[in-house]
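Worth knowing before you read on, the calculation uses all heavy atoms, side chains too, and leaves out hydrogens, waters and symmetry mates. Residues: numbered from 1 along the sequence shown.
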Amino acid sequence: KSAQCQDLFEFLKKHEVTIWGFDSQFSSVYSFRNFSVMLFNFLNENKIAYEPIFKTQVEKAMQRGPEINRVLKDKEIVQLFTTIDTLLKNSDVQKSHFWAQALQSFKSSVQQNVSKRKLGIEVRDKQMASNLNFLTSEQKDRKFLVWAANAHISKLDLPAMNEQTMGFQYLRLNPDITYHIAFSSIRMPYRKEKWITEQRKDPNNLLSLLPSLSKNYYLDCNA
């Protein structure tokens, strides 16, 4: 709902652009209201067996999200993962590419919420790459514009990143088919001018490549 995005969404609406989400965080109102209902409708319609406790665990996971540890004990979370792994081996689930992918994404969402931050980031970015690969593989004749934070979209595998970026993980699955563009502001309310000029002195900082700090520039890199 930010003012900066309004023109973009008006453009998407006018040109009837289809929007897909690929993040493994189930935080949207749509997911909150529909994921559990649709999942168990699918399982019931295909007569795929599951224990009643599984439905309770899924509903609690969807309701509490990052606070799932407050409603499910460690052994219950392990039980939840075991049930999902069993379902993923079911032939009817495997035939439904969407639900096979959705269950994997749901599991990764729970894993992220019960893990320490570093592992949670790695789990999330790997799953986002898998979800994006699912979407692009299903429609190989289409071009996709992927919008994500720079930290996720980066295709670099620097030691500090430790293979944690979605962009790098996606390129592992699809080598040399993407073009990555990053946007960044130099001046922000929380950045002091002295800090900016000091950063520019660092040869490893992108600011060192700019002719000045007062205009906009575009850098093209073949790394």
_Note, Thr83 side chain near Leu80 side chain (heavy atom, < 4.5 Å)_ = no
*Please tell me if the side chains of Thr178 and Phe144 come closer than 4.5 Å, counting only heavy atoms from C-beta onward.*
no
*asked:* Working to the nearest 0.5 angstrom, can you tell me the gap between Asp92 CG and Ile48 CD1?
replied: 5.0 Å
*Between atom CG of Asn44 and atom CG of Leu39, what is the distance when rounded to the nearest 0.5 Å?*
9.0 Å
_I want to know whether Phe22 and Phe134 have ring centres closer than 6.0 Å._
no
_Strictly distance-based, threshold 3.5 Å: is any side-chain N or O of Ser24 a donor or acceptor partner for the main-chain N or O of Ser108?_
no
*Just by modelled atom types, is the Gln25 backbone N or O under 3.5 Å from a matching donor or acceptor in the Asp23 side chain?*
yes
*Are Phe168 and Leu135 connected in a single hydrophobic cluster, I mean Ile/Leu/Val/Met/Phe/Trp/Tyr linked by side-chain heavy atoms less than 4.5 Å apart?*
no
_Side chain Asn205, main chain Lys201, donor-acceptor under 3.5 Å_ = no
*Has Gln6 got more than 12 heavy atoms of other residues, nucleotides or ligands less than 6.0 Å from its CD?*
yes
*Between CG on residue Asn204 and CD on residue Gln199, distance to nearest 0.5 Å*: 11.0 Å
*asked:* Which residue is it: Phe35, Phe81, Phe54, Trp99? I am looking for the one with a ring-ring contact (aromatic ring centres under 6.0 Å, His included) to Phe106.
replied: Phe35
*Under the criterion side chain to side chain contact (heavy atoms under 4.5 Å, CB included), which of Thr165, Asn131, Ile177 is the partner of Tyr170?*
Ile177
_Hydrophobic cluster identity match, Ile196 and Leu219, side-chain contacts under 4.5 Å_ = yes
*Could you please spell out the steps behind the side chain to side chain contact (heavy atoms under 4.5 Å, CB included) verdict for His180 and Leu171?*
CA-CA 11 Å; His180 299 237; Leu171 283 177; 3.9 Å; yes
*asked:* Within this structure, what is the CZ-OG1 distance for the pair Arg142 and Thr136, rounded to the nearest 0.5 Å?
replied: 13.0 Å
*Check whether more than 12 heavy atoms from other residues, nucleotides or ligands sit under 6.0 Å from atom CG of Asp202, and answer yes or no.*
yes
*Search all heavy atoms of Glu59 against all heavy atoms of Ser36 and return the closest pair with its distance.*
CG-OG, 3.3 Å
*Considering only heavy atoms from C-beta outward, does the side chain of Leu87 approach that of Leu43 to under 4.5 Å?*
yes
_Side chains of Asp125 and Gln169: any donor to acceptor distance under 3.5 Å?_
no
*Leu72, Ile53: one ILVMFWY side-chain cluster at the under-4.5 Å cut-off?*
no
_Ignoring hydrogens, what is the shortest heavy-atom contact between Pro211 and Arg200? Give both atom names and the distance._
O-NH2, 3.1 Å
_With a sphere of 6.0 Å drawn around CG of Asp176, does it hold more than 12 non-hydrogen atoms of other residues, nucleotides or ligands?_
no
*Is there a donor-acceptor pair closer than 3.5 Å between any side-chain N or O of Gln112 and the backbone N or O of Ile121?*
no
*Counting only N and O atoms by type, is there a donor-acceptor contact under 3.5 Å from the side chain of Arg187 to the main-chain atoms of Glu193?*
no
*Would you say the side-chain atoms of Glu16 pair up with the backbone N or O of Leu12, donor to acceptor, closer than 3.5 Å?*
no
*For residues Val114 and Ile68, determine if any side-chain heavy atom of one lies less than 4.5 Å from a side-chain heavy atom of the other.*
yes
*Side-chain heavy atoms of Phe183 within contact of Asn216, under 4.5 Å*: no
*How far apart are the C-alpha atoms of Phe42 and Val93, what are their side-chain angles, what is the distance that settles it, and do they pass the side chain to side chain contact (heavy atoms under 4.5 Å, CB included) test?*
CA-CA 9 Å; Phe42 166 76; Val93 173; 4.1 Å; yes
*Does the side chain of Pro52 reach to within under 4.5 Å of the side chain of Lys55, using non-hydrogen atoms?*
no
_Pairing of Lys126 and Glu122 as salt bridge, 4.0 angstrom limit_ = yes
*How far apart are the closest heavy atoms of Gln101 and Ser130, and which atoms are they?*
NE2-OG, 3.0 Å
*Drop me the distance from Ser137's OG to Leu173's CG, to the nearest 0.5 angstrom.*
8.0 Å
*Looking just at side-chain N and O atoms, do Ser212 and Tyr217 make a donor-acceptor pair shorter than 3.5 Å?*
yes
*Do you know the tightest heavy-atom contact between Arg70 and Arg64?*
CD-NH2, 3.9 Å
*Starting at CD of Glu138, measure out to NE2 of His97 and round the result to the nearest 0.5 Å.*
6.5 Å
*Mind telling me whether Trp147 and Phe9 have parallel, tilted or perpendicular rings, with 30° and 60° as the class edges?*
tilted
*Please report the C-alpha distance between Glu10 and Lys14 in whole Å, then the side-chain angles of each, then the deciding distance to 0.1 Å, and finally whether the salt bridge (charged side-chain N to carboxylate O under 4.0 Å, His left out) criterion is met.*
CA-CA 6 Å; Glu10 285 298 321; Lys14 177 180 178 181; over 6 Å; no
*With the side chain counted from C-beta on, respond yes when Lys107 and Asp85 share a heavy-atom pair under 4.5 Å apart, and no when they do not.*
yes
*Same cluster for Met62 and Val71 if Ile/Leu/Val/Met/Phe/Trp/Tyr side chains link at under 4.5 Å?*
yes
*asked:* What I'd like to find out is whether the side chain of Thr56 reaches to under 4.5 Å of the side chain of Lys60, using heavy atoms alone.
replied: yes
_Tell me whether Thr82 contacts the main-chain N or O of Val78 through its side chain, where contact means a donor paired with an acceptor under 3.5 Å._
yes
*Mind checking whether Met166 and Tyr179 sit in one hydrophobic cluster, side chains of I, L, V, M, F, W, Y counted as touching below 4.5 Å?*
no
*Got a donor-acceptor contact below 3.5 angstrom from the Thr197 side chain to the Lys194 backbone?*
yes
_More than 12 heavy atoms from other groups under 6.0 Å of CZ on Arg33_ = no
